[in-house]
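Below: one structure, written as structure tokens.
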Amino acid sequence: MVLKEKIAASIPAWRERVKKLLNESGDVKVGEVTIRQVYGGMRDVESLVTDISYVDPTEGIRLRGFTIPELVEKLPRRPGDRMPLVGGLYYLLLVGEIPSLAEAFEVENEWKLRSEVPDYVYEILTMMPECTQPMTLFTQAILSLQCQSVFAQQYDAGARREDYWEYMLEDSLNLTAKLPAIAAFIYNLKFKDRKIQSVDPDLDWSANFAKMMGVQDPLYAELSRLFFIIHSDHESGNVSAHATHMVGSTLSDIYYSTSAGINGLAGPLHGRANQEALSWLKDVHEKYHGVPSREELKEFAWETLKSGQVIPGYGHAVLRKTDPRFTAQLEFGKSNFPEDPIFKLASMVYEIVPEVLIEQGKAKNPWPNVDAISGSLQQHFGIQDQDEKGMYGFYTVLFGVSRTLGVSANAVWARALGQPIERPKSLTTAMLEEIAAKERAAA
Ligand code: AMX
């Protein structure tokens, strides 16, 4: 497998680079931590390392050094397709180089060979009570595959530490290969005919997903490629990436660690914001019987803030400008279905809500993140997120399919570089008060 050979070839130099850095400069300070950061969710504390992606506060994400527009331009695509193959993106995340079309197809083919989901997984999902959320089903499906972990088997058989990454790669390919079928089944179970779909060997990973979702419009396969590329990775400090890494640092396998990260993604302040953003748009649409005036939209945004709620899809812990992942989706909608009423409304919210958040003066970042608009694109293709009984969020599952690409690539490299078990230190409030008092006295 070219993927494995390429990673294997680059590991010795990386191990040497990290060893040299730690030997020569291990005691050099990276930053300082304030009491506000200790109490405030460790915001901006520089204490994690990944070479797979980096988020610049004003520019946004770069995956292996490439911005979102660069990725869309440079990653290989099949002749006639508008969006690149997600297999090429996974290659880039894992290897660090833009692949050729043949190399991207190699990942796609690996996925096809590993795509069969065991029947028992479908049975478990089907047996869950009706009240089960799609994200619960998704994380259960991942965890239920744990008994197939190559890493866990090899670990028990006494594998050497330096070889761990190979088994993590096997598990990562096995897991990511199955995600389109798992996600489509969850959708069919919740919203359609409960049918299990089979993978079409002539289609790529994303087009297979689109077909299994029952969407005939070929544009949905293009949107799926874009969606799965842009949601894949966002450096290591976000909750899904960090939770996956932290659990993986105990040498838990990819199934245990990814399902932990996916549970974090299910929270409203993280991945669930995509479904909440669509609900918010639908509430506006319903209240004003269509696309409202600018004044009405402003009034609705203020009502949300005054009732103590956040405006979903806006704000970010790191970003301080419009998220380029938002812009990529906005452009997709504008060039393909600018007149879709919910998409039109999502575009209009972008013109109004930042002003309102600036006026309120609380959010450090008044600009939209990736979740502000993704639901409006999904609903255009008839993908539902809510059934008549209430909130049944499905869009976050789509985020989870993509995020698994990023967190699993990171997990392979964490093992390759022998990253240790995570164990930050906690203090008591009294200790922090004492530190603060000493600082005041010294000043
Ligand atoms: N609407 C209203 N208020 C907001 C806001 C928003 N969209 N974003 C931030 N604020 C408020 C915060 O709630 C906080 O209020 P408080 O002082 O009363 O507690 C204040 O502004 C300062 O917050 P911050 O430092 O700007 O943000 P943060 O780093 O604490 O949180 C985030 C970041 C994303 C959780 C927050 O912006 C938010 O809740 N946004 C809406 C939910 C959302 O879109 N989440 C998805 C983020 C992307 C992702 O992970 N998928």
Side-chain angles (χ1 to χ4, degrees), residues 34 36-45 53 55 57-58 60-61 68 135 227-244 261-281 283-284 297-330 346 349-350 352-378 385 391 393 395-407:
T34 63
R36 183 171 290 107
Q37 289 172 311
V38 174
Y39 244 109
M42 296 182 281
R43 205 66 86 256
D44 293 331
V45 176
S53 64
V55 181
T58 53
I61 184 71
I68 296 291
M135 279 299 269
F227 185 101
F228 293 139
I229 288 172
I230 64 178
H231 287 76
S232 60
D233 207 33
H234 215 233
E235 67 171 46
S236 292
N238 68 76
V239 169
S240 47
H242 189 198
T244 305
I262 295 299
N263 287 333
L265 192 70
L269 296 185
H270 194 14
R272 192 176 132 166
N274 67 2
Q275 67 199 49
E276 300 218 332
L278 184 72
S279 293
W280 194 85
L281 293 174
D283 288 348
V284 175
L297 186 53
K298 206 170 169 181
E299 177 189 277
F300 194 91
W302 270 114
E303 273 170 23
T304 305
L305 295 179
K306 283 180 185 156
S307 68
Q309 316 269 320
V310 296
I311 298 183
Y314 282 75
H316 200 271
V318 177
L319 289 170
R320 292 296 174 258
K321 280 273 162 66
T322 297
D323 189 336
R325 302 171 299 172
F326 171 89
T327 312
Q329 297 179 91
L330 181 72
V349 171
Y350 180 35
I352 304 289
V353 161
E355 267 175 43
V356 173
L357 287 172
I358 290 169
E359 207 177 320
Q360 191 207 27
K362 264 171 72 173
K364 292 190 189 69
N365 177 36
W367 304 106
N369 60 58
V370 66
D371 297 318
I373 199 160
S374 53
S376 74
L377 303 187
Q378 293 294 328
D385 193 44
M391 188 60 111
Y395 294 166
T396 315
V397 172
L398 300 181
F399 197 153
V401 169
S402 174
R403 184 47 57 93
T404 303
L405 300 170
V407 298

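Read the numbers this way: they start at 1 and go in the same order the structure lists the ligands and their atoms. Quick note: residue numbers are just sequence positions, from 1.
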Distance to 0.1 Å, residue and atom name: give those for the protein heavy atom nearest to [atom].
atom: atom 3 (N) of ligand 1; result: Val310 CG1, 3.9 Å
atom: atom 25 (O) of ligand 1; result: Lys364 NZ, 2.8 Å
atom: atom 36 (C) of ligand 1; result: Tyr314 O, 4.4 Å
atom: atom 50 (O) of ligand 1; result: His270 ND1, 2.7 Å

Who gets closest to [atom] by heavy atom: [options]?
atom: atom 21 (O) of ligand 1; options: Gly264, Pro368, Ala363, Gly308; result: Ala363
atom: atom 44 (O) of ligand 1; options: Gly313, Ala301, Ser374, Gly41; result: Gly313
atom: atom 14 (C) of ligand 1; options: Lys362, His234, Gln360; result: Lys362
atom: atom 6 (C) of ligand 1; options: Ile311, Val370, Asp371; result: Ile311
atom: atom 33 (C) of ligand 1; options: Ala317, Gly40, Gly361; result: Ala317

Using a 4.0 Å heavy-atom cut-off, which part of [X] comes near ligand 1: side chain, backbone, both, or neither?
X: Leu357; answer: side chain
X: Leu305; answer: side chain
X: Leu269; answer: both

Do Arg43 and Lys364 pass the side-chain contact (heavy atoms from CB on, under 4.5 Å) test, and can you show the C-alpha distance, the side-chain angles, and the key distance before you say yes or no?
CA-CA 12 Å; Arg43 205 66 86 256; Lys364 292 190 189 69; over 6 Å; no
Heavy atoms only: give me the nearest Ile68-Ala328 pair and the separation to one decimal.
CG2-CB, 3.8 Å
Once side chain to side chain contact (heavy atoms under 4.5 Å, CB included) is applied, do any residues pair with Val284, and if so which ones, sequence neighbours excluded?
Trp280, Tyr288, Pro292, Leu297, Phe300, Leu345
Within this structure, what is the [atom1]-[atom2] distance for the pair [X] and [Y], rounded to the nearest 0.5 Å?
X: His231; Y: Leu265; atom1: NE2; atom2: CG; answer: 9.0 Å
X: His234; Y: Ile61; atom1: NE2; atom2: CD1; answer: 4.5 Å
X: Ser376; Y: Gln329; atom1: OG; atom2: CD; answer: 8.0 Å
X: Leu398; Y: Gln378; atom1: CG; atom2: CD; answer: 5.0 Å
X: His242; Y: Met42; atom1: NE2; atom2: CE; answer: 6.0 Å
X: Asn274; Y: Ser279; atom1: CG; atom2: OG; answer: 10.0 Å

Show which atoms of ligand 1 fall inside a sub-4.0 Å distance from at least one heavy-atom site of Ala273.
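Those atoms are 43 (C), 44 (O), 45 (N), 46 (C).
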Counting only non-hydrogen atoms of the protein, does one fall under 4.0 Å from [atom]?
atom: atom 23 (O) of ligand 1; result: no
atom: atom 27 (O) of ligand 1; result: no
atom: atom 12 (C) of ligand 1; result: no
atom: atom 8 (N) of ligand 1; result: yes

Is it true that Arg43 lies under 4.0 Å from ligand 1, counting heavy atoms only?
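Checking ligand 1 against Arg43, which is what was asked, there is a heavy-atom contact under 4.0 Å.
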For Tyr314, the option from Val349, Asp371, Asn365 that meets side-chain contact (heavy atoms from CB on, under 4.5 Å)
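Of all the options given, the one that passes is Val349.
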Applying side-chain contact (heavy atoms from CB on, under 4.5 Å), run through Glu359 and Lys298 and close with a yes or a no.
CA-CA 11 Å; Glu359 207 177 320; Lys298 206 170 169 181; 4.0 Å; yes
